[in-house]
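Here the structure comes first, spelled out in structure tokens, and everything after it is commentary.
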2 protein chains.
Amino acid sequence: MTTIREVARVSGVGLGTVSRALNGDPRVRPETRARVIAVAEQLGYRPNVLAQAMRTKSSRTVGLIVPDLQNEFFMAGAEVVQHRLAESGYRLIIGCSDNQDHLDRNILQSMAERRVDAILHVPCTPSGSTSLRETFPDLPVVEFCRRSSRDDVDSVIGDEEVGAADVVTHLVGLGHKHIALITGPTTLSTSEARIRGFRRGLQAAKIPLRHCPIASVEFTSHAAENATEELLQRHPEVTAIFAASSRGTAGVMRALHHRRLAVPEQMSVVGFLDPDWFDSVQPRVTCFKLPLGQMGTAAAVLLVERLNHAVPRRPRRIVIPGELLVRDSTAPPKPAAATKSARARPAKTTTKTTKTQAAGRASG
Amino acid sequence: MTTIREVARVSGVGLGTVSRALNGDPRVRPETRARVIAVAEQLGYRPNVLAQAMRTKSSRTVGLIVPDLQNEFFMAGAEVVQHRLAESGYRLIIGCSDNQDHLDRNILQSMAERRVDAILHVPCTPSGSTSLRETFPDLPVVEFCRRSSRDDVDSVIGDEEVGAADVVTHLVGLGHKHIALITGPTTLSTSEARIRGFRRGLQAAKIPLRHCPIASVEFTSHAAENATEELLQRHPEVTAIFAASSRGTAGVMRALHHRRLAVPEQMSVVGFLDPDWFDSVQPRVTCFKLPLGQMGTAAAVLLVERLNHAVPRRPRRIVIPGELLVRDSTAPPKPAAATKSARARPAKTTTKTTKTQAAGRASG
DNA sequence: TTGAAAGCGCTAACAC
DNA sequence: GTGTTAGCGCTTTCAA
């Protein structure tokens, strides 16, 4: 590899001059700069970013940690963040925690050791980036999509509480009185918000919480499928389901199909986010959609702020509203037919670890 | 930040000893090591990976460049690669080229400058990583999912040629004689392979190629939707469509609904890959599926080989077979002049899997 | 077994 | 304007 020293030798100038010429320092004669640049080019010189980073103590890189590389919830934002960051001369490196605490901590640490200038973090536990604080207290962290219990970091999340309440309002407006919620692990801020909003919507409509079961399961379509099965078995009176995770929606649909429950005639379904297919299948899926791009932009702005002004500033917590997209998977309930059909056709699915709780029981 | 020097000072030994102790060098007295480690821990010492990398000229990192962060084709593999690599002590950093040549080159360069030890590359042009070769001739590159025209790099791709031929065979077997293919830009190896296989399947069935239109469009559901519209207008005789991209499948479905064409009664559809929703909607989508996880593993193996043995070796080109998943979106075509009674029994095929090929082959 | 010293490639402070 | 020098934090000879 050609080094700066080589370039200096060939162009007959000192090391400092080469560095200045290449970095656009104004105090270097134009012709000198031209010569240096020409030589560098001709020699195929490429800066060693590691050395630069070590010297300047900035790698001009920010790290993004997501729980799932295949989930649009995080990756749609990632796409935007990368572009916005690139505009400010920063590069994004992405790691995946698989929703596992120890992996999360691991990657957090490892990115910090790689001297990223900031971290965009989708926490997978309430403790969030706490482990980092001990070793890298000054590394800026911005939380994305989810919040940990830390209140000293910036964050950008969607307004899922209002979203869930809106979903309930929509369903209640159609006449539903027995609504189920299927969401993720209760330790996550997103699930918490969804449950809070769900209950709020129910209370506003004067619907008893105990009529409306909540299932908290892993974010896989399989888990959602099993949860739906179990839930419908236990609560055959349910006429509408809010599948509050994008992957979960597919699982719910599958379970419904196994039970021969027609959507929306026998069961209304509201999905989460708005993947392409929601609008391409029959029935088109009603959903609660978050402006993922906008959330990415907001995160990038926060990041760049922290990057530029190393001055401490009070943490900013941004909550971005979503919208309800009413399509064809929700309709007024058909009381008699629905429950009958549900009992008529038993499921053949194997049941796995699925926690089901009634909304009323845990509400305090 | 605590440095190694600090640790040395506090534990009362030299720099070298600390380095050796921390890196498990055998020639250091156990008690010395214990003390050093204790001090390091107590001081919250964290190695500066940048400095390590600079010194050892290895960052123990490999870079992955994909065209689209939201596409399971690439990200499912990424997930696996990351885990496999982690087992060998390597970290994966991911960048996104957006399918744009200049961004691709940009990221390639930037990762190289960051001194990754190898690059896993999903090329978006035939030139692939050529631009890198000039400046970093020795950086190992493994191509993933797609191939460039370079024949001096390792690669792992799915056998899409055989896959496309199998799809045609399946459709022809059902009685289709006018089949359309919607695929990506023709400059990509994947599109080429799909088209080749498509034609081969047609020829084997003695179906005139001119009866079977091919559309090459961007990898968005929108582009596929428009292409389908246009294609059906121009070729109303078409009775089956192979949507050879996962996003494209949704677009095709949308266009079909828009035209009020029932699937599979009036139009058979074969999708690409196998996202959750293919099996969750009505009709469940017949598709050509690639073992993404297996492909990721293969790539990781190749990578680790290159990483360990810096010895040059002839490039290996691995092709991994996929399988056809026959579900409900394909059925015999509706005879042109016949009435509805002509199709007495709708095809309710249970999902069966067909291996397209016995084993992956490696050459070179 | 350990310490001292020499850089890895670069930038920034300081001279001229 | 430009050259020289001193490190950034680490690993790795080379002596001891």
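Chain letters run A, B, ... following the sequence lines, proteins first and then strands; every chain starts at 1.
- Against DNA chain D, the stretch residues 30-45 of chain A makes heavy-atom approaches under 4.0 Å through A:T32.
- Rounded to an integer number of Å, the gap from A:D25 CG to C:dA12 P is 9 Å.
- Between the CG atom in B:L85 and the CZ atom in B:R60 there is a gap of 9.5 Å [rounded to 0.5 Å].
- Between the CE atom of A:M1 and the P atom of C:dG9 there is a distance of 9 Å, given to the nearest Å.
- The distance between atom CG of A:N48 and atom C1' of D:dC8, rounded to the nearest whole Å, is 13 Å.
- A close approach under 4.0 Å does not occur between any side-chain nitrogen or oxygen of A:R5 and OP1 or OP2 of C:dC10.
- Between B:D154 and the choices B:R147, B:R317, B:R313, the salt bridge (charged side-chain N to carboxylate O under 4.0 Å, His left out) rule is met once, by B:R313.
- Within the 4.5 Å cutoff, the side chain of B:S88 has no heavy atoms near those of the B:L307 side chain.
- For A:E87, the CD atom counts as densely surrounded, since its 6.0 Å shell holds more than 12 non-hydrogen atoms of other residues, nucleotides or ligands.
- Atom CZ of B:R115 is separated from atom C1' of C:dC10 by 11 Å (rounded to the nearest Å).
- Each end of the helix from C:dT1-D:dA16 to C:dC16-D:dG1 yields a helix axis from five base pairs, and these two axes differ in direction by 40° (to the nearest 10 degrees).
- At whole-Å resolution of the value, CZ in B:R46 and C1' in D:dC10 are 15 Å apart.
- A side-chain donor-acceptor contact under 3.5 Å links A:T125 and A:S127.
- Protein atom CG of B:L50 is 12 Å distant from nucleotide atom C1' of C:dG9, rounded to whole Å.
- Environment of CD in A:E218: sparse, with no more than 12 heavy atoms of neighbouring residues, nucleotides or ligands closer than 6.0 Å.
- Per the geometry, CE belonging to A:M54 stands 14 Å off P belonging to C:dA12, to the nearest Å.
- When only modelled atom types and interatomic distance are considered, B:T135 and B:Q109 share a side-chain donor-acceptor pair under 3.5 Å.
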Taking only nitrogen or oxygen atoms into account, show me every contact under 3.5 Å that the protein makes with nucleotides 12-16 of chain D, one pair per line with its distance.
none

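- Here the nucleotide nearest the side chain of B:K57, chosen from D:dC10, C:dC10, C:dC8, is C:dC8.
- If B:V28 and A:T2 are placed on DNA chain C by their nearest nucleotide, the residue sitting closer to the 5' end is B:V28.
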Review point. Do A:N71 and A:M75 pass the side chain to side chain contact (heavy atoms under 4.5 Å, CB included) test, and can you show the C-alpha distance, the side-chain angles, and the key distance before you say yes or no?
Key: CA-CA 6 Å; A:N71 197 315; A:M75 299 317 273; 5.6 Å; no
Exercise for review: Just do the side chain to side chain contact (heavy atoms under 4.5 Å, CB included) check on B:R146 and B:I157 with the steps written out, would you?
Suggested key: CA-CA 6 Å; B:R146 297 177 185 163; B:I157 61 171; 5.6 Å; no
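- In the model, B:T61 has a side-chain atom that pairs as donor or acceptor with a side-chain atom of A:R114 under 3.5 Å.
- A salt bridge does not link A:R150 to A:E143: none of the charged nitrogens lies less than 4.0 Å from a carboxylate oxygen.
- A sub-4.0 Å separation between OP1 or OP2 of D:dT11 and a side-chain N or O of B:Q52 is present.
- Rounded to a whole Å, the CZ atom of B:R114 is 15 Å from the C1' atom of C:dC10.
- Between B:L22 and B:Y45, some side-chain heavy-atom pair lies under the 4.5 Å cut-off.
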